[in-house]
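The structure appears right after this line, and notes come after that.
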Amino acid sequence: MSSPLRTTPVVGNMGEVKKGVYQYKLTSSGSGWTAKPFGEMADGLAECTGATAEEVEKAMYDACKEASGTEKEFTFANDMVSPKVSLFTAAIEAAYEPK
């Protein structure tokens, strides 16, 4: 039986979508995973914890969707940088535009 998934509540922004790149750093402690937001869009983004990396990945996706206010689906990357650390990045209605 896995432990319940927890997220810190976030107040969504009704109406306008907050476009940008949302990022988390996931770390594993022997008892589960913790994801802490960082970067430009970290303000108001929920910290997530769970028993497995998959549970936390879903919680991060949901937290990004809520914090951004988007109704659209979006893609993300969750890349392992060591056996106990991964970086999650979601670009929500944002793309690189050359000048």
NZ of Lys72 to OG1 of Thr70, rounded to nearest 0.5 Å, is 6.5 Å
Any residue meeting ring pair (Phe, Tyr, Trp, His ring centres under 6.0 Å) with Phe74, in chain and number order, not counting sequence neighbours: Tyr61
When the side chains of residues 20-30 are checked against the rest of the protein, which donor-acceptor pairs come out under 3.5 Å, sequence neighbours left out?
unit_1, atom_1, unit_2, atom_2, d
Tyr22, OH, Lys18, O, 2.6
Tyr24, OH, Ala46, O, 2.5

To check you understand the geometry: which heavy-atom pair defines the closest contact between Ala51 and Trp33, and what is its length? O-CD1, 4.0 Å
Under the rule for salt bridge (charged side-chain N to carboxylate O under 4.0 Å, His left out), what residues qualify as partners of Glu73, not counting sequence neighbours? Lys65
Interatomic spacing from CE in Met41 to OG in Ser68 - rounded to 0.5 Å: 8.0 Å
Could you pull out the closest heavy-atom pair between Asp62 and Lys58, with the gap in Å? OD2-NZ, 2.8 Å
I'd like to check the side-chain hydrogen bond (donor to acceptor under 3.5 Å, both in side chains) partners of Glu57; sequence neighbours left out, ordered by chain and number. Asn78
Where do Glu93 and Lys19 come nearest, in terms of heavy atoms and distance? O-CD, 3.3 Å
Identify the heavy atoms of Val56 and Ala35 that sit nearest to each other, and give their distance. CG1-CB, 3.6 Å
Shared-cluster residues of Phe38, by chain and number - hydrophobic side chains joined below 4.5 Å: Val81, Val85, Leu87
If I compare all heavy atoms of Leu45 with all of Ala67, which pair ends up nearest, and what's the gap? CD1-CB, 3.6 Å
